[in-house]
Each structure stands twice: as C-alpha cells, then as structure tokens.
Amino acid sequence: MDQSLSSDLLPVADEALTDAAPEPRSFLDRLFDRGLLIRTGVDGLYGRSGAFESVVEALDRLVSRIGGADGAEALRFPPGMARSSFERSGYLKGFPHLAGTVHSFCGNEADHARLLACLDAGEDWTAKQAATDIVLTPAACYPLYPVAAARGRLPEDGLLFDLQSYCFRHEPSLEPTRMQLFRMREYVRMGTPEQVLAFRELWLQRGTTMMSDLGLPLAIDPANDPFFGRAGKMLANNQRAQALKFELNVPVNSEDKPTACLSFNYHQDHFGTTWGIHQADGSVAHTACVGFGLERITLALLRHHGLDLDAWPADVRAQLFG
Ligand code: ATP
Ligand code: ZN
Ligand code: MG
C-alpha cells in the first residue's frame with residue numbers, strides 16, 4: 001500500500017524525516033508523527049490538528065468563492081439524519097455495509113446493572129442498546145431531499161443547495177484518505193435533466209481548474225458507487241455505462257490507485273422519484289450533486305506540497321490563506 005509509493009511522490013520537504021526513520025514510514029504514520037492527524041485507536045477515526053483544520057476551512061472557503069455567484073441556498077445539517085428518511089432513501093439497498101446507526105441504552109435499572117457487569121467482565125455490553133431515531137449521515141446531500149420535497153414543486157429555474165456535513169461510512173482502512181468520519185462539501189442541483197447536467201458539466205470544469213490551480217496532478221475518470229453484493233455489480237456497471245458518476249482522482253496513497261477527491265453525480269430521477277420532488281410542470285425532478293472530500297483534498301495537498309504548510313508554494317498558500 002503506502003510503502004509501494006513511487007519516491008517521486010514523496011515531498012522533498014520530508015525526505016530528511018524519511019531518511020532518519022529506521023524503515024520507511026507510511027504516509028499515515030508521518031501524518032501522526034507531525035501531529036496533523038491524531039490516533040484514536042480506530043482505523044479511519046482521527047483527530048485533526050489546528051494546521052490540518054486550517055486547510056479544511058480554507059478549502060471550504062475556496063469552494064464557496066468558486067460557487068458563490070450561483071446563489072445556492074446554504075443549509076447545514078448535523079451529521080445524523082432521521083432514521084425514517086434514511087430508510088426511505090434506499091441507502092440500505094445499495095450500501096448496507098457502509099451504514100452506521102446510532103444506538104442507545106433503553107433498559108431499566110436491572111439492565112443497567114447487567115450492562116456494568118458485562119463491562120467489568122470485558123463482555124459485550126451492547127446487547128441492551130436499541131436503535132434510536134437517528135442514523136449517521138452517509139453523504140452530505142441525504143438529509144436534503146425530504147426537506148426539498150416538503151417545499152412542493154420546484155420553481156422554473158429549479159433549485160441549488162450548498163451543504164457540508166461530517167459523514168460516516170463503515171470502511172475502516174489504513175489509507176488516511178479512507179476515513180470513517182470525514183467532511184463532504186456539496187452543491188446539489190434539482191430541476192430538468194438539462195439543468196442538472198449543465199450544472200454537473202460546469203463543476204467538472206470548475207473542479208478541474210480549482211485542483212490544478214492548487215498544483216495537484218489529476219485525472220477525471222468515470223466511476224461507480226461501491227454497491228453491495230452480486231446485484232450491486234450490475235448497478236455499478238449500469239452507472240458506468242450511463243456515465244452517471246465521474247471522479248476527480250489525485251495520486252495520494254499510490255500512483256496506481258489514485259484517490260477520488262471530488263465526485264460528480266447525476267442521479268437521474270432516482271431521488272426525485274424516491275422523495276416525490278417535482279418540477280414546475282409536475283414531472284419528476286432530476287438531481288445531481290458535486291461532492292468535495294475536504295480531508296481528501298487536504299491530504300492530497302500535504303502529499304504533494306509537503307507536511308509543512310509554511311513551506312507550500314506561495315501561490316497555493318495565497319489561494320488558500322491569502
Ligand atoms: P471511493 O470510490 O474512494 O470510495 P466514493 O465513490 O465512495 O469514493 P462519494 O460517495 O462520491 O465517494 O463521496 C463524495 C466524496 O467524499 C468523494 O469524492 C471523496 O472525496 C469523499 N469521500 C468518500 N469516501 C470517503 C472516505 N471514506 N474518507 C474520506 N473522504 C471520502
Ligand atoms: Zn450528493
Ligand atoms: Mg466509497
């Protein structure tokens with residue numbers, strides 16, 4: 001994995017660090033060494049340093065500047081959504097393996113005593129936990145659709161939203177770019193097929209310009225979501241055949257398997273049908289979203305410009321912090 005990285009990806013600024021180590025340190029270990037990410041004991045669950053956060057926040061502002069003139073309505077949801085909405089969204093059909101539900105203790109005093117006894121004995125204390133009405137948000141746009149549907153028909157021009165949320169996906173990994181809790185900034189467009197495809201095209205261009213202006217090597221590639229199981233393979237093939245999803249990939253962990261830092265998704269009428277979102281003329285709305293993985297872009301910058309933010313190229317710093 002990380003050890004297989006070709007050396008040209010190693011930032012010059014960190015060569016001394018690499019040389020001094022008895023054996024090559026992985027990218028993740030070097031992020032820990034510098035305190036940019038903080039271990040919690042769980043793969044994919046990390047603390048972030050102030051420096052790391054300053055980049056995340058700068059990227060969030062940069063995205064706002066690029067999309068600012070479009071008049072998107074900003075909405076912020078906490079990183080949990082209503083379980084009823086989650087169930088209706090269809091997420092469990094495609095991605096049961098990634099979902100995270102919030103459970104709480106719902107027992108009586110005797111159950112409490114049993115819970116503490118289990119804990120003391122090092123046994124499973126979670127049996128008396130029951131599902132709450134909250135599920136962890138899997139993608140920033142998921143809480144939006146029922147809210148938009150409740151407003152009634154879209155205006156002629158459709159709607160445009162600006163979202164950002166911590167998202168949860170149960171995909172523990174030693175690649176720092178694959179976290180279990182991470183932030184996704186999104187713009188979501190709802191309207192006619194022409195309106196939402198024009199939106200996606202615009203962001204494919206804007207995203208490419210943004211990332212190359214930040215000095216990152218990139219490629220736009222067709223992609224698919226990681227649908228579960230054998231039926232999922234067909235859904236994934238279909239998604240690719242219809243060019244519904246593109247990713248902006250940057251080599252971060254390896255040259256061979258670059259990392260999706262932005263994604264551009266055309267949902268056709270999937271969410272419109274699921275939620276009953278209708279265009280002005282009454283037909284089912286189409287939707288599309290562009291997602292920015294804020295930690296992933298931060299990690300791409302750290303990989304390519306070095307772990308010392310002060311030593312980043314002046315023009316990159318100017319765009320982020322200027
Ligand atoms: P991948 O193919 O790498 O799993 P994805 O297709 O699951 O990515 P999306 O579902 O399109 O990604 O999510 C939108 C954006 O959120 C991605 O472009 C990426 O930047 C970010 N993202 C997705 N999964 C993670 C993760 N586990 N950790 C950090 N960022 C993520
Ligand atoms: Zn989305
Ligand atoms: Mg994924």
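Values below: all heavy atoms of this structure, side chains included; hydrogens, waters and symmetry mates excluded. Just so it is clear, the structure is predicted and the values come from calculations on it, not from any experiment. All ligand and atom numbering here is 1-based and tracks the order in the structure.
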- Message: Against the six-membered ring of Y187, is R185 placed for a cation-pi contact (under 6.0 Å from the centre, within 45° of the normal)?
- Response: yes
- Measure from NZ or CZ of R303 to the centre of the six-membered ring of F27 and say whether it is under 6.0 Å with the direction within 45° of the ring axis.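 Cation-pi check for R303 and F27: passes.
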- Task: List the steps, then state whether salt bridge (Lys or Arg N to Asp or Glu O under 4.0 Å) holds for D221 with K245.
- Result: CA-CA 9 Å; D221 298 308; K245 184 181 181 86; over 6 Å; no
Tell me, which protein residue and heavy-atom name are nearest [atom], and how many Å apart are they?
| atom | answer |
| --- | --- |
| atom 4 (O) of ligand 1 | R178 NH1, 2.9 Å |
| atom 16 (O) of ligand 1 | M184 CE, 3.6 Å |
| atom 19 (C) of ligand 1 | A260 O, 3.3 Å |
| atom 2 (O) of ligand 1 | E247 OE2, 3.4 Å |
| atom 22 (N) of ligand 1 | F182 CE1, 3.4 Å |
| atom 14 (C) of ligand 1 | S263 OG, 3.2 Å |
| atom 21 (C) of ligand 1 | G293 CA, 3.7 Å |
| atom 7 (O) of ligand 1 | R169 NH1, 2.9 Å |

- Item | Closest approach of P138 to F86 (non-hydrogen atoms, all atoms of both residues) | CG-CE1, 4.1 Å
- Query: Do the side chains of K93 and F227 get nearer than 4.5 Å, heavy atoms only?
  - Reply: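 With C-beta onward as the side chain, the pair stays apart.
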- When you look at F32 and Y46, which way does the ring pair (Phe, Tyr, Trp, His ring centres under 6.0 Å) test go after all the steps? CA-CA 10 Å; F32 290 148; Y46 307 120; 5.6 Å; yes
- Item | E186: its N/O/S atom lying closest to the Zn ion (ligand 2) (atom name) | OE1
I need the contact type for [X] against ligand 1. Using non-hydrogen atoms and a strict under-4.0 Å cut-off, is it side chain, backbone, both or neither?
| X | value |
| --- | --- |
| T177 | backbone |
| L262 | backbone |
| E295 | neither |

- Message: Checking side-chain polar atoms at under 3.5 Å, does D213 have a donor or acceptor matched by the opposite partner on Q319?
- Response: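 Not at all, the side chains of D213 and Q319 share no donor-acceptor pair under 3.5 Å.
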- Item | the Zn ion (ligand 2) reached by C289 (N, O or S, under 2.8 Å) | yes
Flag [X] as yes when one of its N or O atoms lies below 3.5 Å from any N or O atom of ligand 1, and as no otherwise.
| X | value |
| --- | --- |
| E171 | yes |
| P226 | no |
| K245 | yes |

Below 4.0 Å from ligand 1: does a non-hydrogen atom of [X] turn up there or not?
| X | result |
| --- | --- |
| R296 | yes |
| C261 | yes |
| Q180 | no |

- Query: Going through the distances and angles, do Y145 and F271 end up as a ring pair (Phe, Tyr, Trp, His ring centres under 6.0 Å)?
  - Reply: CA-CA 7 Å; Y145 302 106; F271 288 118; 4.1 Å; yes
- Item | Derivation and outcome, side chain to side chain contact (heavy atoms under 4.5 Å, CB included), residues E186 and V290 | CA-CA 5 Å; E186 284 199 50; V290 52; over 6 Å; no
- Could you please spell out the steps behind the side chain to side chain contact (heavy atoms under 4.5 Å, CB included) verdict for M211 and C261? CA-CA 9 Å; M211 295 292 274; C261 291; 3.9 Å; yes
- Evaluate the side chain to side chain contact (heavy atoms under 4.5 Å, CB included) criterion for residues L302 and W312: first the C-alpha distance (whole Å), next the side-chain angles of each, then the deciding distance (0.1 Å), finally the verdict. CA-CA 9 Å; L302 289 164; W312 285 6; 3.7 Å; yes
- Item | Worked check of ring pair (Phe, Tyr, Trp, His ring centres under 6.0 Å) between F182 and Y166 | CA-CA 5 Å; F182 57 94; Y166 256 104; 8.2 Å; no
